[in-house]
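Structure record follows, encoded as structure tokens.
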Amino acid sequence: MSSSDSLKAEIGRAAVTLGAAADFTAVVERPRDPTFGEWSTNAAMMLAKPLKQSPRDVATKLIAAMQLEAVGISAAEVAGPGFINFRVDTDALTRVLPEIIRRGEQYGRSDIGAQQPVVVEFVSANPTGPLHVGHGRQAALGDAISTLLMWTGWKVSREFYYNDGGGQINNLQKSVQLRALQQVGQDVAFPENGYHGDYIGEIAADYRAQHPADATLSETDDIRRFAVAALRAEQDLDLKAFGVVFDTYYLESSLYTDGNVEKTVSVLLASGFTYEKDGALWLRTTDFGDDQDRVMKRSAEKGGEYTYFVPDVAYHVTKWERGFMRAINVQGSDHHSTVTRVRAGLQALQMGIPHGYPDYVLHQLVTVMRGGEEMKISKRAGSYVTVRDLVEEVGRDAVRYFFVMRKGDSQLVFDIDLARAQSEENPVYYIQMAHARLCGIFRVGGIDMTTIDGALTDLSVLVEPEERELIKALADFPSMLAGAATALEPHRVANWLERTAGLVHTWYHKHHVLNEPEPILQARLVLANATRLVLANALSVLGLSAPERM
RNA sequence: GCGCCAGUAGCUCAGUUGGAUAGAGCGGCAGCCUUCUAAGCUGCGGGUCGGGGGUUCGAUUCCCUCCUGGCGCGCCA
């Protein structure tokens, strides 16, 4: 139980003695201005109306009714329109430091998820080209969300869905085939909507070298398999460069071979929500909130195949049947039209899947700037920046940080020149530097940090304002993390890191540790060690390294 | 035309789920290295929170409406 929880409970108890409803719960938060104290509540303003008294009167009575010492409060005062500000005594404040060190890499973890299984699907790029910067944002975001959920007690499975079927794959196969034919001197036209990237020609050359038996370059199945395998291998390298590891790769093609598509179709047919029109099979998704009905199976003139929609629904059925009570899809906002469609398809099955299944985290697309010009991200035009290019140019940590430092809802301009120019004053270096500096204290002092646990140290000497602010930030880490996980918003971790790193630099600059009198030295070593640990934990949540020296 | 997202300092963006005098970084200006890393620190200036209504003790936050930008609206994926 954190100190704010016990304070909240005490406010609630006191409120009931004044006549508040038994289920009254106060809001306790950090006041904006640190001179107001450590905690603040608006309870008196919330109670003013039901109790028919002025907020300030309620506040005064509330304070009188509370047992402040019992919850570590040294002073309480009424402020403004009726806020109550609380001051925490130093002993209660510093109590968190030994706890942080004791829990170490576990500090910040909680069991909100109760070990329930959740699948987080992200990247899910078609194997038709290398991963571009948009995928990079998704990889950083999806990976951080997954880690956040793990930290808050969910059993997380990271999943990559490969669209290795459908028209784009046929397009890929044709593109490779035509490039191969051109390479052996045949005068064949290359379609405008084919894949124009240089990598297509490379794959074509590799195919010819490894399949000498296919002299006429007509084995389309072989070409398709070869091209898909080659691009999957490329994407794996991209992901490896980025440090993202998936638990499962789910192949769209397996939904056909395993019979899941047919099974889903038969259930939908039996549901009564399908109909035929213009020779095609439709699903009445408008019955479930979609803005138009969707084609399941194309008419004979259009090839008679299932649309992407059907295996997509079948895929999400497997998520449910594999035991994932919760599913989160991280996608670019250009796919947002699939949200209601997939949910509608799952509802039409009437198999007890919840209405909001799956959850979606949609992120706005990334605009890439280079040399002051916007680069068009188009796989078919073959002009775009890959994840690997980016990692090689600015480093993995910096790329990851830049992609998660902003809320997914806001558009992200990734100016490559700026990212490189900023590398010396990059926020990620600023944060990592704070960690390295703290490690430096132990290194220079010749002190083994593993011996600093604070269990028997007198921490009451940590009275400087900069120290109290820093300790509060460390104490807030678990609730910040829980909030970020609940909202699926990793950028909150980044914001916390920047703020806390700033507090570290301020403290470091103003107060020394080594060569201070023994009691202060010991107490500050405890603070330094605890801070170092929490910074490292926060960095690891975002998939960033915590260097001990830079 | 309809749907989703966004609009906050010169620029890039936060804003703890409705709280107090709206913040940070960068840029600008002025300072700080015999002291644990100057990859850093301190101070100053900078605002019609897109506009207008509404809800209430209280709105950047919730509702309505308009303006601007991005994305989507296929028998593509």
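Each chain gets a letter, A, B and so on, in the order the sequences are listed, and its residues count up from 1. What you see is a predicted model; the values in this text were computed from it and never measured.
- Nucleic acid contact class of A:Arg406 (heavy atoms, under 4.0 Å, all strands): base.
- Rounded to whole Å, the C1' atom of B:U42 lies 14 Å from the corresponding atom of B:C33.
- In this structure, A:Ala528 reaches neither bases nor backbone, as no heavy-atom distance under 4.0 Å exists between it and the strands shown.
- Within the nucleic acid shown, A:Val444 comes within 4.0 Å of sugar-phosphate atoms alone, with no base atom in reach, counting heavy atoms only.
- Note that CG of A:Leu474 and CG of A:Leu527 are 6.5 Å apart. Values are rounded to the nearest 0.5 Å.
- Nucleotide B:U17 is matched to nothing when pairs are restricted to Watson-Crick or G-U wobble geometry with both distances under 3.5 angstrom.
- If you measure from atom CG of A:Asn163 to atom P of B:C76, you get 15 Å, rounded to the nearest angstrom.
- The same atom, C1', is picked in B:C76 and in B:G69; the two are 26 Å apart, to the nearest Å.
- When the P atom is compared between B:G58 and B:G53, the two are found 16 Å apart, to the nearest whole Å.
- Among the protein residues, A:Ala494 comes within range of no part of the nucleic acid, since none of its heavy atoms lies under 4.0 Å from any strand.
- Within 4.0 Å of A:Ser410, counting heavy atoms only, lie sugar-phosphate atoms of the nucleic acid but no base atom.
- Across the strands present, B:C41 finds its partner in B:G31; the criterion is a Watson-Crick or G-U wobble pair with both atom distances under 3.5 angstrom.
- One can place CG of A:Leu172 at 13 Å from C1' of B:A77, the figure rounded to the nearest angstrom.
- For the C1' atoms, the distance linking B:A24 with B:G45 amounts to 16 Å, nearest Å.
- Seen from the ring of A:Trp39, A:Arg30 counts as a face-on cation partner, given the 6.0 Å and 45° thresholds.
- In this structure, A:Leu412 atom CG and B:U12 atom P are separated by 12 Å, rounded to whole Å.
- In a base pair of the Watson-Crick type (N1 to N3 plus N6-O4 or O6-N4) or a G-U wobble (N1-O2 and O6-N3), with each distance short of 3.5 Å, B:G1 is matched with B:C73.
- Residue side chain A:His335 does not reach the base of B:G72 through any donor-acceptor N/O pair under 3.5 Å, judged by distance alone.
- Base contact: A:Ala280 has a heavy atom under 4.0 Å from a base atom.
- Nucleic acid contact for A:His435: none, since no nucleic acid atom lies under 4.0 Å from a heavy atom of the residue.
- Taking atom NE2 of A:His363 as the reference point, atom C1' of B:C4 lies 14 Å away to the nearest angstrom.
- A:Asn85 comes within 4.0 angstrom of a nucleotide base, judged by non-hydrogen atoms across all strands.
- Remark: A:Arg298 fails to qualify as a cation-pi partner of A:Tyr306 under the 6.0 Å distance and 45° angle criteria applied to the six-membered ring.
- Comparing A:His512 and A:Arg492 along RNA chain B, the residue whose closest nucleotide (by nearest heavy atom) sits nearer the 5' end is A:Arg492.
- Counting non-hydrogen atoms under 4.0 angstrom, A:Arg499 reaches nothing in the nucleic acid.
- Between the CD1 atom of A:Ile431 and the C1' atom of B:G40 there is a distance of 15 Å, given to the nearest Å.
- Once rounded to the nearest 0.5 Å, the distance linking CD of A:Gln331 with OG1 of A:Thr338 reads 4.5 Å.
- Heavy-atom contacts from other residues, nucleotides or ligands closer than 6.0 Å to CG of A:Asp448 number more than 12.
- Nucleotides B:A22 and B:C64 have their P atoms positioned 27 Å apart, rounded to a whole Å.
- When the side-chain nitrogen and oxygen atoms of A:Arg298 are compared with OP1 and OP2 of B:C76, one or more of them lie within a distance under 4.0 Å.
- B:C32: glycosidic angle beyond 90° from 0, hence anti.
- Between the CG atom of A:Asp293 and the P atom of B:G74 there is a distance of 13 Å, rounded to whole Å.
- Base engagement by A:Ser40 is indicated by at least one non-hydrogen atom pair under 4.0 Å involving a base atom.
- For the atom pair CG of A:Leu251 and CG of A:Asp164, the computed distance is 4.0 Å after rounding to the nearest 0.5 Å.
- In B:U61 the O4'-C1'-N dihedral to the base is more than 90° from 0, which defines an anti nucleotide.
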